[in-house]
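Note on naming: letters A, B, ... go to the chains in the order of the sequence lines (proteins, then strands), and numbering restarts at 1 for each one.
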Protein chains: 2
Amino acid sequence: MKLKEFAKQLGLSPTTVSRALSGYPEVSEVTRARVTEEAVRLGYRPNVNAVRLKTGRVGAIGVVMGRAGEFHFAEFMAGMAEQLVGEDTDILVIPLADANYEEEMQLYRRLVESRRVDAIIMHSPRPNDERIALLHKLGMPFLVHGRSDIDVPHAWLDIDNEGAVRRATSHLMDLGHTRIAMINGRPGATYALHRDNGYRNALQARGIEFDPQLVASGNFTDELGFRFARSFLEQPNPPTAIVAGSMMTALGVYRAARSLGLQVGRDVSVIAHDDVFPYLSADNMAPSLSATRSSMRAAGTRCADLVLQLLAGRSASEIHELWPVELILRESTGPAQ
Amino acid sequence: MKLKEFAKQLGLSPTTVSRALSGYPEVSEVTRARVTEEAVRLGYRPNVNAVRLKTGRVGAIGVVMGRAGEFHFAEFMAGMAEQLVGEDTDILVIPLADANYEEEMQLYRRLVESRRVDAIIMHSPRPNDERIALLHKLGMPFLVHGRSDIDVPHAWLDIDNEGAVRRATSHLMDLGHTRIAMINGRPGATYALHRDNGYRNALQARGIEFDPQLVASGNFTDELGFRFARSFLEQPNPPTAIVAGSMMTALGVYRAARSLGLQVGRDVSVIAHDDVFPYLSADNMAPSLSATRSSMRAAGTRCADLVLQLLAGRSASEIHELWPVELILRESTGPAQ
DNA sequence: TTTCGAAACCAAATCGTTTTCAAATTGGAA
DNA sequence: TTCCAATTTGAAAACGATTTGGTTTCGAAA
């Protein structure tokens, strides 16, 4: 059923029908009611591609997905979906071949030129991320999930990674711990830097010297959590507490502790960052895991909302949200022995 | 840069340029070379929306995402991405509001009518899934990840869930276990049914009676794994082995065993299904987890490939792939005490 | 020299909407 | 009754590509 045909059946012009359905004011309410009603009855729906061609709007937000297959990703997208359902806006997943830097820039460039999306959501930016400069230069609306200190206006939403780790570390020191290890994410991304800062700042505030033997970084996997924790705990002067970067990392840390006959919460304290997953909760671990918590799903929802605002004309330079992170204390933390 | 403009710069007609770029034969090779070369130099790229309107092809595959935020999803999509990168085909995520059945059908209907995707990939179908009948009726190309016994031709790719669970159960019986529990996925989906069949068939083959006290089902979460395993193991006549539906479930099962002072692999054997995640591996669990294994990422890659074949004209009724599932024995299984 | 077919190119119609600009209708005030 | 402004409606021109159905060009065969 095409517009022309549909309009004819109603005895109206395509113009009027189009206006009625798009909510323009120059059409009487009685006509609008009739049109919308008949559209449902006769099953008329505007051809998306025609609309897109005409309006220049695509009706899709692109989300760049790294190749690592991170478990956060599905949660973030589920959150986006919550916001976007009913908004007539699609989520387009842009697979990012993990190529060299030059190729990656090319990919972004081509994505913009192909006009397949109205806006882009980018994850885990780097401190001086040229991709941000590129997107800005190309005039593509975009939102950064995370932050970059690059000197280019850009909309972003980030959680307070620095504060989260700082508080986690401080709390461990409150409990009497002085040797505290940290497992960070892969170096390069700003969030890893922030977490590192949080860790160092906390130590410094108490006059505890930074020990490079007590930090490690890598992908957020169970395996690395285990390996790093093992290597920490087997040191001559082992840490009594570990700050872990993710729930998966925490699993590995727990396993490492058990494997060495150490009891988490007593022999070694653990705090991890929890993105809140429906399938794995800090509360249910044994012992329950003290965690810095921030919902990835909520972030997805809000990011989608902010992108819609961006597309509605709100200035990117006034969209900056820094979310506080909760510190939830459970059984995995205890006084230093 | 528009086609008209670009063609003028080349001193050619839009027709010829379009043909040259689309690889039609009615254009001389020397012209084609010049056109493609200049297109790169001058940065001409056809407007996607115009192409889509004209050709009726969208260049996107829709993937229906449940609201549960399943951790499998990101892996599956990462797999799809591997296949689709460079194919000029996008992945569109279709959020599925978990509504009642009627609304869900409406959602599929509207998705098809909106013509936003060329094909659809659907997950976890039910035994007599009307959505399949609907998509077939509406003439939308689609592929089912999983299976349905509905009497309508449809392309599908599935893993041998029945065989996987049957072999897992049989192996446990080989080890002398006679009371074996199983934690299944949410009832309704075909895969849950198949797993149940596998379980029952294995028992029956050895003449062991099915005990409804030893089966449970629900979402694949750590929490349910724990709860179900606890309730099994606290029974008066507890099972000596447990077949778990997912890695997350297995985490819960391990935890339950530990909480009761039982040692996995000695006091209670565990086999789980492993979709192969980069961030959580069965091999690294302690004790290492015996598992039925099939790569979710590989499934995504293959599904994307099959959908492309479908779009290229291959008949849906000849696309049926049943993937065998490996059984990998590790330390979590041992002889019955 | 003429004729013919293949090879290479092109003008214009088309895809299904939105939107500009103009016309028709309506209802009240003069 | 007449006129005017406000309210509704329409005709037709975009949007930027693809594709149908030609036309031209050119070399070889007759």
Side-chain angles (χ1 to χ4, degrees), chain A residues 1-39 42-60 88-90 110 112-118 311, chain B residues 1-40 42-60 88 90 110 112-118 311:
Chain A
M1 171 79 63
K2 310 174 185 183
L3 172 58
K4 217 164 146 185
E5 199 180 331
F6 177 57
K8 189 175 288 175
Q9 294 222 14
L10 289 184
L12 288 171
S13 74
T15 312
T16 306
V17 172
S18 170
R19 280 179 176 146
L21 292 176
S22 316
Y24 279 67
E26 318 91 313
V27 61
S28 75
E29 278 313 317
V30 40
T31 317
R32 188 195 307 284
R34 189 162 70 96
V35 171
T36 47
E37 188 180 316
E38 289 291 280
L42 298 176
Y44 167 73
R45 292 181 60 86
N47 179 305
V48 201
N49 294 323
V51 174
R52 289 175 175 178
L53 171 57
K54 184 59 203 177
T55 62
R57 277 229 170 167
V58 180
D88 222 31
T89 300
D90 294 325
R110 277 180 26 203
V112 171
E113 280 167 359
S114 74
R115 300 192 202 76
R116 284 174 306 171
V117 295
D118 292 322
L311 290 175
Chain B
M1 172 79 62
K2 310 174 185 183
L3 172 58
K4 218 164 145 184
E5 198 180 333
F6 177 57
K8 188 174 292 176
Q9 294 222 14
L10 289 184
L12 289 171
S13 75
T15 311
T16 306
V17 172
S18 170
R19 280 183 173 143
L21 292 176
S22 316
Y24 279 68
E26 316 92 317
V27 60
S28 76
E29 278 314 317
V30 40
T31 314
R32 187 195 308 286
R34 190 163 68 97
V35 171
T36 48
E37 188 181 316
E38 289 292 279
V40 171
L42 298 176
Y44 168 73
R45 291 179 62 88
N47 179 304
V48 199
N49 293 322
V51 174
R52 289 175 176 178
L53 170 58
K54 184 58 200 179
T55 63
R57 275 231 169 167
V58 181
D88 221 32
D90 294 325
R110 277 180 27 202
V112 171
E113 281 167 359
S114 73
R115 300 189 199 79
R116 285 175 304 170
V117 295
D118 292 321
L311 290 175

Open item on the list: Side chains of R57(B) and T55(B): any donor to acceptor distance under 3.5 Å?
Closed with: no
Task: Min side-chain heavy-atom separation E5(A)-Y44(A) under 4.5 Å - done: no
- [ ] Determine whether the side chains of S18(A) and T15(A) contain a donor N or O and an acceptor N or O closer than 3.5 Å.
- [x] no
Task: Check ion pair D90(A)-R52(A) (N to O, under 4.0 angstrom) - done: yes
TODO: Measure the shortest side-chain to side-chain distance between N49(B) and R115(A) over non-hydrogen atoms and say whether it is less than 4.5 angstrom.
DONE: no
TODO: Starting from the 5' end of DNA chain D, give me the residue, L12(A) or L53(B), whose nearest nucleotide shows up first.
DONE: L12(A)
Open item on the list: Each nucleotide in nucleotides 17-27 of chain C should get exactly one letter: B, S or -. Can you fill that in based on protein heavy atoms under 4.0 Å?
Closed with: BBBBB------
Open item on the list: I need the CZ-P distance between R57(B) and dT19(D), as an integer number of Å.
Closed with: 11 Å
- [ ] Would you give the length of the straight line joining atom CZ of R45(B) to atom CG of L3(B), rounded to the nearest 0.5 angstrom?
- [x] 14.0 Å
Open item on the list: If I take atom CZ in residue R34(A) and atom C1' in nucleotide dT9(D), what distance separates them, rounded to the nearest angstrom?
Closed with: 12 Å
Open item on the list: When you compare the side chain of R34(A) with that of L12(A), does any pair of heavy atoms fall below 4.5 Å?
Closed with: yes
TODO: Report yes or no: does T36(B) contribute a side-chain atom to a donor-acceptor pair with the main-chain N or O of A33(B) at less than 3.5 Å?
DONE: yes
Task: Rounded to 10 degrees, the angle between the two terminal axes of the helix from dT1(C)-dA30(D) to dA30(C)-dT1(D), each from five pairs - done: 60°
